[in-house]
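Everything below concerns the one structure shown next.
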Amino acid sequence: MESTGALAEADWQVHRPAVFGTAYEIEAALDELGPERRLGTTVTEVGDGYAALSDGTEVEADAVVRSVGMRADDLTRQIRDELDHLGRTPVDRWLRVLPEVFVAGYNAAADLLGVPLRDSTPGPYVTCLDLGAAGGVFTLGRDRRVMASGDDGKEVKVRINQATHPPVDDAEKILAAADRVHIELPFFPRDEKKPTPAA
């Protein structure tokens, strides 16, 4: 059975002439996969077998997936008042929010164990999105320059999942994985000026 879907926009407008980069790749994937899009509307109600939209229409739905943006959980407000526009709290070079509060990582355990802290050494900022049957998109930098898309983007996503999937049933392997300061990613496009073309 072929599935179709309807997408309602959440609190923003998409103007096609301004679509570029990652947005272009996502739009192209949606065009390929064919879900019905209802731009300029929001979901006002979800019921048994339907979703009601702000334009007064109802869409039949076996399942409704809420996907409304990228903001940190409100838990961050309980730690600190100073947050960025996405609700994230600033951290120091050891990933501490406060002297006694770490956001994550090696240093949280090191502090408990009395082991010296390490400076955070994040790799390049990347985004990798699986677009289902339409492939994937892999971006580099805060401006999200598209480095690979289509089948090439999907391959990068699969390889990232294989390289970074944490062990779940072996305490020794879990701690060893947490101790890695740098993971060499052989598939990472090193030449930022030459993105991998879409397949």
Side-chain angles (χ1 to χ4, degrees), residues 1-77 82-90 103 122-161 164-165 187-189 192-199:
M1 181 171 132
E2 186 174 321
S3 66
T4 60
L7 302 177
E9 189 177 33
D11 302 326
W12 50 272
Q13 294 291 324
V14 174
H15 302 287
R16 287 188 184 274
V19 173
F20 63 94
T22 308
Y24 171 82
E25 299 295 339
I26 293 169
E27 287 274 310
L30 290 172
D31 289 342
E32 180 181 330
L33 298 173
E36 178 185 347
R37 286 175 261 190
R38 304 281 184 97
L39 303 181
T41 62
T42 58
V43 175
T44 58
E45 178 185 347
V46 175
D48 187 15
Y50 74 93
L53 305 181
S54 59
D55 64 4
T57 61
E58 284 189 4
V59 177
E60 289 185 26
D62 294 325
V64 175
V65 178
R66 181 177 182 223
S67 177
V68 293
M70 188 179 78
R71 285 192 53 83
D73 190 276
D74 284 341
L75 174 64
T76 56
R77 293 193 183 287
E82 181 188 349
L83 304 174
D84 72 4
H85 68 286
L86 293 176
R88 299 174 299 190
T89 180
V103 293
Y125 184 84
V126 299
T127 305
C128 198
L129 179 64
D130 189 315
L131 297 172
V137 61
F138 177 71
T139 70
L140 174 63
R142 299 277 174 191
D143 59 347
R144 293 191 172 92
R145 291 180 312 276
V146 176
M147 302 302 291
S149 61
D151 290 340
D152 292 332
K154 176 75 125 194
E155 181 184 350
V156 172
K157 177 64 174 170
V158 169
R159 293 180 72 186
I160 285 176
N161 286 351
T164 62
H165 192 282
F187 50 81
F188 185 81
E192 297 181 21
K193 295 178 182 174
K194 294 182 181 176
T196 304

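Quick note: numbers below take in every heavy atom, side chains included, and nothing from hydrogens, waters or symmetry partners.
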*Under 3.5 Å, side chain of T76 to main-chain N/O of T89, donor-acceptor pair present?*
no
*Which residues satisfy the side-chain contact (heavy atoms from CB on, under 4.5 Å) test with D130, sequence neighbours excluded?*
K154, K157
*For A72 and G87, work out which heavy atoms get closest and say how close.*
CB-O, 3.3 Å
*Look up atom CD in E25 and atom OG1 in T139, then write down how far apart they are to the nearest 0.5 Å.*
10.5 Å
*Is Y24 close to V146 at the side-chain level, that is, under 4.5 Å between some pair of heavy atoms?*
no
_Looking at every non-hydrogen atom in both residues, tell me the closest pair between L33 and P35 and how far apart they are._
C-CD, 3.4 Å
_Under the rule for side-chain contact (heavy atoms from CB on, under 4.5 Å), what residues qualify as partners of I26, not counting sequence neighbours?_
T22, L30, L129, L131
_Spatial distance of atom OG1 (T127) from atom CE (M147) [nearest 0.5 Å]_ = 12.5 Å
_With heavy-atom distances below 4.5 Å as the criterion, would you say the side chains of R38 and V59 are in contact?_
yes
*Backbone of T42 reached by a side-chain donor or acceptor of S54 within 3.5 Å*: yes
